[in-house]
Amino acid sequence: MIIGLTGSIASGKSTVAKMITALGLPIVDADIVARDVVEPGTEPLALIAEQFGQDILLEDGTLNRAKLGDIIFHEPAKRKILNDIMHPAIRQEMLRQRDAYLEAGNKHVVMDIPLLFESKLQHFVERIIVVSVSEEVQLRRLMERNNLSKEDALARMHSQLPMSVKEKGAHAVIYNNENLGQTEDQLKKILTKWEVIDAN
Ligand SMILES: CC(C)(COP(=O)(O)OP(=O)(O)OC[C@H]1O[C@@H](n2cnc3c(N)ncnc32)[C@H](O)[C@@H]1O)[C@@H](O)C(=O)NCCC(=O)NCCS
Ligand SMILES: Nc1ncnc2c1ncn2[C@@H]1O[C@H](COP(=O)(O)OP(=O)(O)OP(=O)(O)O)[C@@H](O)[C@H]1O
């Protein structure tokens, strides 16, 4: 079974992904792939420098992620330009990793895709788990984790679809407002019901 794991920014996808890895399931992580496809020497990085100017690169030639984030989370038109450059490369590499896991004999693969709904990638997966939090908890965790002002954190949150829309498109929802133990219990229940892991 190919399972899509999604949610909104700072809702807890990576936290749940770590729990999934601990259960022995392979994960394809879109955020990691998104870093790999803009390593120095890649075509997407050259196109980004062309569109956003050479000073979007740091002195060592790597992408200035903080600077690019500041731009694209505040300007939808710039975000579209970046998405159009990066998303085809990200999709191709994610499918390659998924197929490699399947060819290696794995019965199940989890794909952690933050923008699964925004990019209409539902067809990549057979089941969708959405990690959900209240806006209040999301804002607090995002401000703390990324050391962002309230305004910058809200800009990031509003650059994605509302959580309610994602919940409606999910086969299962994990509510991650409480402690990690409660989150893990919900995850195990879902995976047991889908016969991805054994009940014990
Ligand atoms: C703008 C960038 C450089 C900022 O880097 P930074 O290290 O600050 O953030 P990071 O990559 O860890 O992303 C954090 C979260 O931001 C959200 N996010 C990232 N890109 C986007 C986007 N284009 N639109 C909406 N939300 C986004 C996701 O929830 C993601 O999990 C980076 O996010 C990026 O390259 N984005 C474009 C690629 C992309 O769409 N990635 C999302 C997963 S496919
Ligand atoms: N149940 C929880 N209790 C307390 N803190 C949590 C809980 N779940 C996640 N966090 C914290 O909230 C922050 C966001 O979680 P995480 O990084 O897993 O989100 P994410 O959805 O992967 O974010 P992104 O979309 O930015 O990649 C992290 O600092 C994490 O440690």
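In what follows, residues are counted from 1 in the order of the sequence shown. Counting convention: from 1, in listed order, for ligands and their atoms alike.
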Main chain of [Y], side chain of [X]: is a donor-acceptor contact present, judged purely on distance under 3.5 Å?
{"X": "Asn106", "Y": "Tyr101", "value": "yes"}
{"X": "Ser159", "Y": "Arg156", "value": "yes"}
{"X": "Ser8", "Y": "Met163", "value": "no"}
{"X": "Asn177", "Y": "Ser134", "value": "yes"}
{"X": "Glu126", "Y": "Ile3", "value": "no"}

Considering only non-hydrogen protein atoms, determine which one is nearest to [atom] and report residue, atom name and distance to 0.1 Å.
{"atom": "atom 18 (O) of ligand 2", "result": "Thr15 OG1, 2.6 Å"}
{"atom": "atom 16 (O) of ligand 1", "result": "Ile9 CD1, 3.3 Å"}
{"atom": "atom 28 (C) of ligand 2", "result": "Arg145 CD, 3.8 Å"}
{"atom": "atom 28 (C) of ligand 1", "result": "Gln160 NE2, 3.4 Å"}
{"atom": "atom 19 (O) of ligand 2", "result": "Gly12 N, 3.1 Å"}
{"atom": "atom 32 (C) of ligand 1", "result": "Arg65 NH2, 3.6 Å"}
{"atom": "atom 8 (N) of ligand 2", "result": "Asn176 ND2, 3.0 Å"}
{"atom": "atom 12 (O) of ligand 1", "result": "Arg35 NH2, 3.2 Å"}
{"atom": "atom 37 (C) of ligand 1", "result": "Leu82 CD2, 3.6 Å"}
{"atom": "atom 22 (O) of ligand 2", "result": "Ser14 OG, 2.6 Å"}
{"atom": "atom 2 (C) of ligand 2", "result": "Arg141 NH2, 3.2 Å"}

Residue [X] excluded, over 12 heavy atoms near [atom1] under 6.0 Å:
{"X": "Glu43", "atom1": "CD", "value": "no"}
{"X": "Glu167", "atom1": "CD", "value": "yes"}
{"X": "Asn179", "atom1": "CG", "value": "yes"}

Between the side chains of [Y] and [X], is the shortest nitrogen-to-carboxylate-oxygen separation below 4.0 Å, so that they form an ion pair?
{"X": "Glu103", "Y": "Arg96", "value": "no"}
{"X": "Asp185", "Y": "Lys189", "value": "no"}
{"X": "Arg79", "Y": "Glu75", "value": "no"}
{"X": "Lys67", "Y": "Asp55", "value": "yes"}

Open item on the list: Checking Met111 against Leu121 for the side-chain contact (heavy atoms from CB on, under 4.5 Å) test, could you report, in this order, the C-alpha distance in whole Å, the side-chain angles of both residues, the deciding distance, and whether it holds?
Closed with: CA-CA 11 Å; Met111 301 181 81; Leu121 296 181; over 6 Å; no
I'd like to check which ligand 1 atoms, numbered from 1 as shown, lie under 4.0 Å from a non-hydrogen atom of [X].
{"X": "Arg156", "value": "8 (O)"}
{"X": "Arg79", "value": "23 (N), 24 (N)"}
{"X": "Met86", "value": "35 (O), 37 (C), 38 (C)"}
{"X": "Phe73", "value": "16 (O), 18 (N), 19 (C), 21 (C), 26 (N), 27 (C)"}
{"X": "Asn83", "value": "23 (N), 40 (O)"}

Open item on the list: Show the atoms of ligand 2 that are less than 4.0 angstrom away from any heavy atom in Asp31.
Closed with: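 What qualifies from ligand 2 is 27 (O).
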Task: Numbered atoms of ligand 2 (with element) below 4.0 Å of Lys13, judged on heavy atoms - done: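 Matching atoms, with element in brackets: 18 (O), 19 (O), 20 (P), 21 (O), 22 (O), 23 (O), 24 (P), 25 (O).
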Please confirm whether [X] comes under 4.0 Å of ligand 2, counting heavy atoms of the residue only.
{"X": "Glu178", "result": "yes"}
{"X": "Pro114", "result": "no"}
{"X": "Ala10", "result": "yes"}
{"X": "Ser8", "result": "yes"}

- [ ] Assess whether side-chain contact (heavy atoms from CB on, under 4.5 Å) is satisfied between Leu45 and Leu57, documenting all intermediate values.
- [x] CA-CA 9 Å; Leu45 186 63; Leu57 304 179; 3.7 Å; yes
- [ ] Please report the closest heavy-atom contact between Asp112 and Ala17, naming both atoms and the distance.
- [x]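 In terms of heavy atoms, the two residues are closest at OD2-CB, 3.8 Å.
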Taking non-hydrogen atoms only, is [X] closer than 4.0 angstrom to ligand 1 via side chain, backbone, both or neither?
{"X": "Pro114", "answer": "side chain"}
{"X": "Leu115", "answer": "side chain"}
{"X": "Asn146", "answer": "neither"}

Open item on the list: Please tell me whether Glu93 and Gln97 have a donor and an acceptor in their side chains that are separated by less than 3.5 angstrom.
Closed with: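 A pair is found: one side chain offers a donor N or O, the other an acceptor, under 3.5 Å apart.
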Task: Ile81 side chain reached by Ile85 side chain, heavy atoms, under 4.5 Å - done: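 Yes, side chains in contact.
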Open item on the list: Does any part of the side chain of Val130, heavy atoms only, come nearer than 4.5 Å to the side chain of Ile174, both counted from C-beta?
Closed with: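 Of all side-chain heavy-atom pairs linking Val130 with Ile174, none is under 4.5 Å.
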Task: Closest to atom 13 (O) of ligand 1 (judged by heavy-atom distance), picking from Thr6, Ile85, Asp31, Ile32 - done: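 Going through Thr6, Ile85, Asp31, Ile32 one by one, Asp31 has the nearest heavy atom to atom 13 (O) of ligand 1.
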Task: Closest to atom 41 (N) of ligand 1 (judged by heavy-atom distance), picking from Ala66, Ala34, Gly69 - done: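 Among Ala66, Ala34, Gly69, the closest heavy atom to atom 41 (N) of ligand 1 belongs to Ala34.
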Open item on the list: Are any of the N/O atoms on Ile9, whether in the backbone or the side chain, positioned under 3.5 angstrom from an N/O atom of ligand 2?
Closed with: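 No, Ile9 has no N/O under 3.5 Å of an N/O on ligand 2.
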Open item on the list: So is Glu118 touching ligand 1 or not, going by heavy atoms under 4.0 Å?
Closed with: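 Distance cut 4.0 Å: Glu118 fails for ligand 1.
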Task: His87, any N or O under 3.5 Å of ligand 1 N or O - done: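 Such a contact does occur with ligand 1.
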Open item on the list: With respect to Arg145, determine whether any N or O atom, backbone or side chain, lies less than 3.5 Å from an N or O atom of ligand 1.
Closed with: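 Such a contact does not occur with ligand 1.
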